[in-house]
Protein chains: 2
Amino acid sequence: MKLDDAAARLEALGNPTRLKIYRTLVRAGAEGLPVGRLQSKLDAAASTLSHHLKALVVVGLVTQTREGTTLVCHANYDIMRELLGYMVEECCAEGSCAPVVLPKVA
Amino acid sequence: MKLDDAAARLEALGNPTRLKIYRTLVRAGAEGLPVGRLQSKLDAAASTLSHHLKALVVVGLVTQTREGTTLVCHANYDIMRELLGYMVEECCAEGSCAPVVLPKVA
DNA sequence: ACTGTATTTCTAGAAAAATAGAAATATGGA
DNA sequence: TCCATATTTCTATTTTTCTAGAAATACAGT
């Protein structure tokens, strides 16, 4: 992952509303959640939510699949994995190491 | 870690200049780097660099220790660890799981 | 106290982001 | 085709961020 891509993804996550959206989708797992469901859960104006969702989709952290009249949103786990990898990459390459021990997660 | 703290930290990293600063510090390891060294490495105006560093310090991702006339900056690995943990926490709690496999790092 | 180096704070202008109402578009069904 | 529901795009306003020059502060040495 390039630095600018990583920065763009981190920026996308670096807003409370968007982080809440993303986490809600992570919790939802593979089946995802419709936009409308997100809207009621997060209690945001539809246009605002759409705006934030777009920001997450543009950087690849969220994907959307249409099911009839509703749009279902999914967290993209691959991109998240890459982003996490980027964040700890090359740790201490030029100095003594204070190792970044990654947390254990399902 | 609270959502707002996580968002603030991600936002701090979500700027190419600040991400470069942070990664440079991660590479530098435990001994850190003086502000001036960062400035020459990244070729930024001193005031701009100071501004960005402050943003990283405020959210706890970077710490500074004075050594005489120079300020040495260090990546805070503990905070990074917590942030990474937060990002994958509660994966799929409400749905079938597309597991987030964490990357292996030193 | 005076000088030099290191770094921050002040300031201000330009650019970008956040919010949300209103209008527009897309889909499926009657 | 017409309607209802779902979602986005348009538009505008307010707020925040970015950038960097100039001035100020901090420290160590003489």
Side-chain angles (χ1 to χ4, degrees), chain A residues 3-25 28 31-76, chain B residues 3-25 28 31-76:
Chain A
L3 184 131
D4 284 343
D5 293 331
R9 285 163 179 161
L10 291 166
E11 182 184 42
L13 293 171
N15 169 279
T17 300
R18 284 194 300 267
L19 184 56
K20 207 170 295 176
I21 291 170
Y22 180 77
R23 280 171 66 78
T24 302
L25 293 177
E31 56 241 48
L33 275 183
V35 174
R37 199 66 160 288
L38 275 172
Q39 196 192 339
S40 55
K41 280 207 179 204
L42 306 183
D43 194 38
S47 60
T48 302
L49 180 63
S50 180
H51 166 77
H52 284 308
L53 269 173
K54 188 176 185 178
L56 290 166
V57 169
V58 161
V59 300
L61 281 163
V62 166
T63 59
Q64 296 178 313
T65 57
R66 185 168 281 282
E67 277 180 28
T69 169
T70 78
L71 250 195
V72 182
C73 306
H74 311 263
N76 182 331
Chain B
L3 184 130
D4 283 343
D5 293 331
R9 286 164 180 160
L10 291 166
E11 181 184 43
L13 292 172
N15 168 280
T17 300
R18 284 194 299 268
L19 184 55
K20 206 171 296 177
I21 291 170
Y22 180 77
R23 279 171 66 79
T24 302
L25 293 177
E31 57 241 46
L33 275 183
V35 174
R37 199 67 159 286
L38 275 172
Q39 196 193 339
S40 55
K41 281 207 180 207
L42 305 183
D43 194 38
S47 60
T48 302
L49 181 63
S50 180
H51 166 76
H52 285 308
L53 269 173
K54 189 176 185 178
L56 290 165
V57 168
V58 161
V59 300
L61 282 163
V62 166
T63 60
Q64 297 178 313
T65 57
R66 185 167 281 284
E67 277 180 28
T69 169
T70 79
L71 250 196
V72 182
C73 305
H74 312 262
N76 183 331

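Every heavy atom of this structure was used, including side-chain atoms; hydrogens, water molecules and symmetry mates were not. Residue numbering restarts at 1 for every chain, and letters A, B, ... go by the order of the sequence lines.
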Residue whose closest nucleotide on DNA chain C lies nearer the 5' end, H51(A) versus K54(B): K54(B)
Measure the distance from CG on D43(B) to C1' on dT19(D) and round it to the nearest whole Å. 14 Å
For atom CD of E67(B) and atom P of dG29(D), their distance in whole Å: 13 Å
Separation of dA20(D) P from L42(B) CG (nearest whole Å): 13 Å
Please check the phosphate of dA6(D) (OP1 and OP2 only) for any side-chain N or O of R37(A) closer than 4.0 Å. no
Between dT19(C) atom P and H52(A) atom NE2, what is the distance in whole Å? 4 Å
Taking atom C1' of dC18(D) as reference, at what distance in whole Å does atom CG of L49(B) sit? 14 Å
Okay, side chain of R18(B), backbone of H52(B): is any donor-acceptor separation there less than 3.5 Å? no
Sugar-phosphate only, base, or nothing, as touched by A45(A) at under 4.0 Å among non-hydrogen atoms: sugar-phosphate
Selected nucleotide, minimal atom distance to A46(A) side chain, candidates dT8(D), dT19(D), dT8(C): dT8(D)
Quickly work out the L53(A) CG to dA18(C) P distance and round it to whole Å. 13 Å
Phosphate oxygens OP1/OP2 of dT17(D): is one of them under 4.0 Å from a side-chain N or O of N15(B)? no
Side chains of R37(A) and T24(A), heavy atoms from C-beta outward: is any pair under 4.5 Å? no
Distance check needed: dA26(D) P versus Q64(B) CD, whole Å only. 15 Å
Give a yes/no answer on whether the side chain of R66(B) brings an N or O atom under 4.0 Å of OP1 or OP2 in dA6(C). no
Find out whether V59(B) and L13(B) are in side-chain contact, i.e. whether some heavy atom of one side chain is under 4.5 Å from a heavy atom of the other. no
Respond yes when some side-chain nitrogen or oxygen of S47(B) is under 4.0 Å from OP1 or OP2 of dT8(C), and no when none is. no
Quick one: is dT27(C) close enough that its OP1 or OP2 comes under 4.0 Å of any side-chain N or O from T69(A)? no
Measure the distance from CD on Q39(A) to P on dA6(D) and round it to the nearest whole Å. 10 Å
Do any side-chain nitrogens or oxygens of T48(A) fall under 4.0 Å of OP1 or OP2 in dT19(C)? no
So does A46(B) get a backbone contact from the side chain of S50(B), meaning a donor-acceptor N/O pair under 3.5 Å? no
Test side-chain contact (heavy atoms from CB on, under 4.5 Å) applied to L61(B) and L25(B), step by step: CA-CA 10 Å; L61(B) 282 163; L25(B) 293 177; over 6 Å; no
Specify the residue among E11(A) and T70(A) whose closest nucleotide of DNA chain D lies further upstream toward the 5′ end. T70(A)
